[in-house]
Amino acid sequence: MLISPAIKRAVLFIEKGNKEVIGAYVRLLPGSDTAKPALCAQTDRCGVVVFLEEQIPNTLIRGELLLKIARHAKTSISIESAAYGGVEIRTGAAKYSVGHEEVPDLGAYPGVPVIPNTTSWQLFDMAAVARVLHAAGKDGDRKNLMAINFLPGWVEAMDGKRIARAVYKAGVEHQGLLPAELFQKIPASESVGLTHYQGMAFLKVGDDEIRFARYLPMDFPDAQKVIPENHTGPIASIGVEILTRAVKQAVDVGATGSVELEFQSPNRLRVTAWQRTDAGMRLYESEFGLLENTGTGKVLLSGKALVEALQAVHTPSVRVGYGRAVDPLRIESAGYIECLWPMLA
């Protein structure tokens with residue numbers, strides 16, 4: 001079994017799953033006359049199947065163990081049945097003997113869904129999803145925000161402190177809410193196909209990987225109600241590279257990860273961060289010109305969130321708008337909008 005990027009991505013699914021039977025095990029499925037051998041990893045919300053070239057035993061392996069082995073394997077992994085009933089996992093440098101485990105709740109492990117035998121894979125705009133994925137809710141957020149929302153012409157994500165939207169340019173539009181973890185570790189440049197079968201969405205990633213998920217209940221906030229259409233404060237045009245560099249340096253200095261943006265007239269921006277130390281106040285300030293500015297004002301933001309938003313911008317400059325203290329900072333470039341809500345001082 002060669003260690004391909006697809007296999008490593010599949011094993012990483014267990015990090016996002018629950019720690020019960022579904023999320024804790026990876027299933028190995030032997031090949032047959034009609035199906036190739038495959039590895040399947042599932043959570044309670046989605047899963048992935050990676051097709052293999054070599055035969056493997058029919059077994060479950062604890063995902064945490066396989067994840068550690070996959071991380072350390074430099075070349076390949078082979079999994080073979082052992083005489084004592086378990087399996088032997090071999091890498092170029094080590095051998096792991098894994099005995100048979102009793103899994104009392106194995107009946108709760110869902111069957112691998114029927115993979116559609118179809119060539120009608122529609123073009124899927126992974127690049128658009130990759131632009132908003134950073135804004136999807138993480139562990140600890142409300143579970144309904146750990147999702148990507150597909151709308152006519154748009155795809156969006158939010159975590160309660162920010163909203164990101166990108167133009168979706170796939171050949172066939174579709175609507176609905178899919179788990180954010182379904183798209184993890186897929187490069188933006190990867191060729192991805194989409195099809196639907198028996199109420200499920202299937203993604204074909206490259207030549208040897210298929211991901212699947214059921215659409216989630218449509219319990220998602222209406223972003224259109226909170227994204228401001230107009231700003232009463234400054235609207236500026238800023239160079240993305242110089243702003244990203246200044247914010248990254250400010251985050252390294254600041255104690256809380258927050259940075260202050262101060263829009264000045266005429267056409268200047270100051271980026272500030274600070275930290276109190278035993279030796280006194282440690283201060284970072286950077287000031288540079290704006291391509292355009294219509295007013296003055298200050299806003300305190302998460303530096304990490306601001307950098308993530310700027311990394312999703314694909315143009316040399318970006319328009320930024322800000323209004324009252326309760327309004328978000330609106331970042332806008334070609335085909336992309338992100339709103340960041342201010343932090344409390």
Look up atom [atom1] in [X] and atom [atom2] in [Y], then write down how far apart they are to the nearest 0.5 Å.
X	Y	atom1	atom2	result
Arg162	Leu301	CZ	CG	11.5 Å
Leu178	Phe212	CG	CZ	13.0 Å
Ile56	Lys36	CD1	NZ	11.5 Å
Leu39	Leu52	CG	CG	6.0 Å
Leu306	Glu338	CG	CD	8.5 Å
Arg27	Thr59	CZ	OG1	10.0 Å

Closest contact, heavy atoms only, [X] versus [Y]:
X	Y	answer
Asn144	Leu177	O-CD2, 4.4 Å
Phe263	Ala236	CE2-CB, 3.9 Å
Leu291	Ser317	CD1-CB, 3.7 Å
Val247	Val307	CG1-CG2, 3.6 Å
Pro187	Met126	O-CG, 3.8 Å
Ala180	Leu133	O-CD1, 3.7 Å

Are [X] and [Y] packed together at the side-chain level, in the sense that at least one heavy-atom pair is separated by less than 4.5 angstrom?
X	Y	result
Cys46	Glu181	yes
Val98	Ile79	no
His134	Lys304	no
Val129	Phe124	yes
Glu156	Val132	no
Leu340	Val299	no
Phe220	Leu145	yes
Ile331	Ile337	no

Residues that Gln311 engages under side-chain hydrogen bond (donor to acceptor under 3.5 Å, both in side chains), provided they are two or more places apart: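 Expected list: none.
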Enclosure of Glu292 CD (heavy-atom neighbours >12, cutoff 6.0 Å): yes
Exceeds 12 heavy-atom contacts within 6.0 angstrom, atom NZ of Lys298: no
Side chain to side chain contact (heavy atoms under 4.5 Å, CB included) evaluation trace for Leu300 with Val259: CA-CA 6 Å; Leu300 189 68; Val259 297; 6.0 Å; no
Using modelled atom types only, decide if a donor and an acceptor are shared between the side chain of [X] and the backbone of [Y] within a distance under 3.5 Å.
X	Y	value
Asp208	Val50	no
Asp125	Lys169	yes
Lys185	Phe183	no
Gln55	Gly31	yes

Residues in side chain to side chain contact (heavy atoms under 4.5 Å, CB included) with [X], at least two apart?
X	answer
Thr296	Ser265
Ser333	Arg131, Val313, Thr315, Val318, Tyr336
Asp207	Lys204
Arg270	Glu262, Gln264, Thr272, Glu285, Glu287

Ring-ring centroid check Phe150 Tyr168, cutoff 6.0 Å: yes
Partner set under ring pair (Phe, Tyr, Trp, His ring centres under 6.0 Å) for Tyr215, not counting sequence neighbours: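 His196.
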Asn149/Trp154 under side chain to side chain contact (heavy atoms under 4.5 Å, CB included): CA gap, chis, key distance, verdict: CA-CA 8 Å; Asn149 190 24; Trp154 289 89; over 6 Å; no
Derivation and outcome, side chain to side chain contact (heavy atoms under 4.5 Å, CB included), residues Leu269 and Leu243: CA-CA 9 Å; Leu269 178 70; Leu243 177 57; 3.9 Å; yes
Stepwise side chain to side chain contact (heavy atoms under 4.5 Å, CB included) test for Val205 and Glu190: CA-CA 7 Å; Val205 184; Glu190 184 75 81; 3.6 Å; yes
